[in-house]
Protein chains: 2
Amino acid sequence: MIKPQFRLDNQLCFRLYTASRLITQAYHPMLAEQGLTYPQYLVLMVLWEKDAQPVNDIAKRLRLETNTVTPLLKRMEAEGILTRTRGEEDARQIIVKLTKKGRDLQERLADVPEAIGSSLLCESVTPETIPGLYAMLDGIIRQLQEKQTNQ
Amino acid sequence: MIKPQFRLDNQLCFRLYTASRLITQAYHPMLAEQGLTYPQYLVLMVLWEKDAQPVNDIAKRLRLETNTVTPLLKRMEAEGILTRTRGEEDARQIIVKLTKKGRDLQERLADVPEAIGSSLLCESVTPETIPGLYAMLDGIIRQLQEKQTNQ
DNA sequence: CTTATTTATATCGTTCACGATGCAAATATA
DNA sequence: TATATTTGCATCGTGAACGATATAAATAAG
């Protein structure tokens with residue numbers, strides 16, 4: 001017999017893993033319309049917040065490694081969404097800047113957040129309960145983040 | 001200026017995506033010790049619950065597609081964790097059975113759930129708040145699951 | 001009893017994720 | 001100033017995920 005702690009239904013991790021995948025799938029049709037993937041959409045949001053950032057800052061903001069972000073950025077450069085240029089003061093850095101196409105995508109995707117947000121609402125997830133959900137996820141993320149960097 | 005709905009800090013999806021990745025990373029050292037990945041660990045839990053299942057049932061339980069599960073199972077077969085044999089009554093099915101090595105892994109991994117579970121606890125995530133978190137994630141998953149299958 | 005459709009699984013191509021490693025520029029140390 | 005270390009980014013290999021498509025067995029329809 002399986003030990004109860006191994007049951008999938010008792011696991012927070014499996015729920016997070018599943019929810020994350022299903023949400024990415026929910027984004028897919030809307031993003032694919034503009035030739036984007038979900039991680040690419042995340043990069044766009046980072047650059048819309050603050051344009052012209054080095055690779056490292058983008059990676060840190062997304063909590064990804066540069067070896068994940070570099071090829072991602074190269075693909076987006078090939079699509080004409082952004083440019084990658086050597087830093088002038090520090091020649092090790094690559095400064096990532098949006099092109100007009102990249103900036104314009106904010107308009108083209110304007111309806112996406114609302115569409116996704118409303119599709120998630122249900123009896124247990126409402127405008128009232130979402131702040132609590134955010135707090136719990138932020139707590140988990142902070143907890144794990146510390147654990148990773150402490151070793 | 002970026003529209004507020006595009007800010008990463010206002011996005012549930014990014015939190016889920018990040019939390020899911022960080023938890024997988026937290027599992028990594030313990031699972032790697034036994035030569036496993038997190039998705040392979042999920043397959044094990046499905047088979048510990050009920051051994052000798054067709055590929056499709058495993059995929060459904062994990063909410064994955066067979067084209068994700070098939071190569072995963074082949075790698076686990078190559079590691080001697082399970083066997084894949086044609087179904088006798090229905091020759092289209094592949095029945096997946098644990099080997100002794102696969103069954104024994106439950107003992108070898110006995111401390112993993114507790115280690116992960118306790119590493120997630122923080123002020124906003126406690127034994128009291130976790131049922132609420134489960135309910136919200138289950139709500140989101142149900143919501144998205146329905147939307148996917150309805151079209 | 002054929003032919004058509006459905007079902008179960010697999011193959012293929014693309015894009016992440018990430019550990020391990022490499023390399024060159026910048027900085028610290030001797 | 002020469003050498004060592006750190007920093008920023010990239011390359012490589014492996015293992016997911018997944019959309020699109022293929023194939024063969026089972027079942028339904030004619």
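Everything quoted here is computed from the prediction, not taken from an experiment. Order of the sequence lines sets the chain letters (A, B, ...), proteins ahead of strands, with each chain counted from 1. Just the heavy atoms: all of them, side chains too, but no hydrogens, waters or symmetry mates, feed the values below.
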**OP:** Would you mind reporting whether B:I140 and A:L22 have side-chain heavy atoms less than 4.5 Å apart?
**Re:** no

Original post:
Is the distance from OP1 or OP2 of C:dA17 to the nearest side-chain N or O of B:Y17 less than 4.0 Å?
Top reply: yes

Subject >> Heavy-atom donor-acceptor pair, B:T129 side chain to B:S124 backbone, under 3.5 Å >> reply: yes

Original post:
Taking all non-hydrogen atoms of both residues, which atom of A:I116 and which atom of B:C13 are closest, and how far apart?
Top reply: CG2-SG, 3.8 Å

**OP:** Establish whether A:V43 and A:I95 are linked, either directly or via other cluster members, by ILVMFWY side-chain heavy-atom contacts under 4.5 Å.
**Re:** no

Subject >> Value in whole Å for how far the P atom of C:dA8 lies from CG of B:L73 >> reply: 16 Å

**OP:** Considering just the side-chain nitrogens and oxygens of A:K74, establish if one lies under 4.0 Å of OP1 or OP2 belonging to D:dT11.
**Re:** yes

Subject >> Nearest-angstrom distance from the residue atom CD1 of B:I95 to P of C:dA10 >> reply: 11 Å

Original post:
Which residue lies toward the 5' end of DNA chain D, B:D90 or B:L72, if each is placed at its nearest nucleotide?
Top reply: B:L72

Original post:
Roughly how many Å is it from CD in B:Q25 to P in D:dG15, rounded to a whole number?
Top reply: 18 Å

Subject >> Touch class at under 4.0 angstrom, heavy-atom based, for B:R84 against every strand present >> reply: sugar-phosphate

Original post:
Which residue, A:Q40 or A:A91, contacts DNA chain C at a nucleotide closer to its 5' end, judged by nearest heavy atom?
Top reply: A:Q40

Original post:
Does a distance-only test, which skips hydrogens and angles, find a donor-acceptor pair under 3.5 Å between the side chain of A:R92 and the base of D:dT7?
Top reply: yes

Subject >> 5'-most by nearest nucleotide on DNA chain D - A:R86 or A:T24 >> reply: A:R86

Original post:
Mind checking whether A:R15 and B:M136 have side chains closer than 4.5 Å, heavy atoms only?
Top reply: no

Original post:
Do side-chain atoms of B:Q106 reach the backbone of A:F6 as a donor and acceptor pair under 3.5 angstrom?
Top reply: no

Subject >> For A:T24, all residues meeting side chain to side chain contact (heavy atoms under 4.5 Å, CB included), sequence neighbours excluded >> reply: A:Y38

**OP:** Using heavy atoms and a sub-4.0 Å distance, could you list which residues of residues 46-70 of chain B are near DNA chain D? By number, please.
**Re:** B:L64, B:N67, B:T68

Original post:
Which nucleotide in the list D:dA26, C:dT9, D:dG15 gets nearest to the side chain of B:Q93?
Top reply: C:dT9

**OP:** Take the protein atom CZ of A:R75 and the nucleotide atom P of D:dA10, then report the distance between them rounded to whole Å.
**Re:** 13 Å

